[in-house]
Amino acid sequence: MGMLLLSAAFLFSSCAKKQDDGKVAFLDREVDVKSFLTGFPYSTWGFYLSDDATKLYYLRNDEPSPLVMLDLTKSTDISQGDIISSDDWSKKNFWSPSWNEKDGFLYWMGDQRNDEKIDLYRMDPKTGETTCFTDVPYIYGWSFNDAKDKAFYVARIDQVGDDHVDEFHILDLKTQEDKTVCTDRPDFRMTWTEIASSPDDSGCLLTVLKNVNRTFTNIAYLDYATGEYKVITDPSVEASLDGCAVISPWYSQDVAYFLSDHTGYANVYSFNRATGEVRPVTAYRQDLRAKWLEADGKKYLATVRTSPEGSDVAVLDPDGNEIVCERYPATLTLKTTVGNKMYFTAGATDILFQMWVVEFVDGQLKQSVLVDLPENIKSSMVTSHAQKLSIPTFDIDPATGETRMLHAYLMVPENPLPADQARLMVMSFYGGDNAYDMEHQIFTAAGMYVLSASPRGSSGFGRDFAALNDHDLGGNETIDMIYCARYVSEMLGIPPERVGCFGMSHGGYETMRLMTFPGEVNGFKASFPFGFGVAVAGFCDIIWEHYHSNIPDWDYLEAGDPVTEKDKLMDRSPISHVDKISGPLLLIHGDHDDRVDIGGSQMLYDALKKEGKPVEFLIMKGQGHGYKGIDNQMLYYRTILDFIARN
């Protein structure tokens, strides 16, 4: 381990002369990495809007990284936010924050050292005084009641091997009395739940997993008095964790609405607890998200459906009849509604961050931009344009009877490298989103092309496409990415030795898999000799990862049973094919990562070293599953760019 740290320290110190200006030498140019990190020192997904739309909370990626609040009634300039905590938030996690206007406190789920021991916290923004309410291994989800004098949460209490126990709690925010309502059942776990409490606080809707299986996500009603919960959806029908949600607040005293994708796409359903009736409200063939909207004394459903082409915003009556719908050329996330106004965060491949207001007036939608960035920042942070591609893969799409086509974006640099130095970076998983990605823009600033594709298993195309890689980790999804890489390599005329793959988490595993692919899986043959790879927070041994992750249910769903499918999982593990690695590999991992333990990279490093293969390893000290703070990010990008330039 000492040698690895020395290697990282040497790489960092070798760039020390550039440290002050943040510029990194790369082939024929210098890349001003620091200008990206300081021009937009935030995460595009890390903006949290209060329910009343008056306050915006976010972290700055400075060193240290403070917690900031912007009062939107006074300013819409995110650079003018007030620091409400000067702690170094790069050293801990800050998830699902919510401002409680009734007691003046900010609440969130988080930890103290990036290790994902997730508890429930609150802070007085005026004094910075923080209270931790819980001491549990993990909190899956939480919410307020309508009066905001209670908080409801589900916590993992105990875990032995693959089995665990979850509890539902009610926390009185005035007295801080914490009441355990129930322990969940093995047949329907409350793991990864969402909660919507009834107006009278006698019960709630929540999501539950049948046999801890994310592909059988259900909605249940929990009675607080008895501690019993009843599943109200059909447990025999598949529905995904991403496609199921509860809508808060309830529509009325006895009627609540929820989302389920058991028909293939996330749609709205209503539940009447007095009669037990569940009925469908919408039937779109596109995943939907919804919140309640009020106009002219009536309630409506504010909905948004996103795709690579844009977002459809629609207002529906409570029976699902569409009153108005408009398409916008951006990816919109519905944050809150106030009266007749919907508040969205907006992004695209060339839009870093905006906040929109869409107003429902006289049956029409009126859109305006509430929060935006200065033009000079926006122009300097975009160094490429997106070319939309449809790439043929290896199998037949049963829906069309023709070759399956995969959606992708090719990020084309404004100033590409000379033809004899051209590089293509292939994102190994989690690609294809119409969203700004700073890493992609830094790569294109270096003159490299970036391919962001959506292999099977990707979200945004319905439940069935997202489920195509279930129990097939490292299988057909890998062949998809080989086909995508080969297609674009040939299209651009960039040879394989100058094509690299990169990714984080699942993408880190997939990078390892692509670099060591043995040539055949599931009876299909494919090959592409990637010239180099950058695997971030990945794992090389699927079975080892299953027993060392804080989310083993993910590994079970994606890969399979580590006992009954041991041989398959070992064959899909990159550690089993180190002799086949196609080029140099850079491994990056945080030493506080509890989701994907650093051992998943350490073992591959050791095995490749033993085989005499070219491999490097950067350990991100004090970091978990993601790297925060400007110094950590500078080290991250310097290391990657230096590695690519040398390979």
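Keep in mind that what you see is a predicted model, and the values were worked out from it rather than measured.
Side-chain N or O atoms of Arg595 include none that pairs as donor or acceptor with a backbone N or O of His625 at under 3.5 Å. The closest donor-acceptor contact from the side chain of Glu616 to the backbone of Pro584 lies at 3.5 Å or more, if one exists at all.
For Tyr58 and Trp89, the gap between ring centers reaches or exceeds 6.0 Å. Phe502 has its ring centre less than 6.0 Å from the ring centre of Phe443. Taking the ring centroids of Phe353 and Phe47, they lie under the 6.0 Å cut-off.
Among the candidates Thr349, Leu352, Ile351, Thr444, the single residue satisfying the side chain to side chain contact (heavy atoms under 4.5 Å, CB included) test with Val382 is Leu352.
The salt bridge (charged side-chain N to carboxylate O under 4.0 Å, His left out) test applied to Asp470 returns no partner, not counting sequence neighbours. Applying the salt bridge (charged side-chain N to carboxylate O under 4.0 Å, His left out) rule to Glu477 yields no partners; only residues at least two apart in sequence or on another chain are considered.
Residue pairs satisfying the salt bridge (Lys or Arg N to Asp or Glu O under 4.0 Å) criterion with at least one member in residues 535-562, sequence neighbours excluded, are listed as follows: Arg214-Asp553.
Ring planes of Trp544 and His548: parallel class, angle under 30° (limits at 30 and 60°). The aromatic rings of Tyr636 and Tyr627 sit tilted, their planes meeting at an angle between 30° and 60°. In this pair, His506 and Trp554 present their aromatic rings perpendicular. The plane angle is above 60°, beyond the 30 to 60° band.
Salt bridge status for Lys23 with Asp21: absent, with no side-chain N to carboxylate O gap under 4.0 Å.
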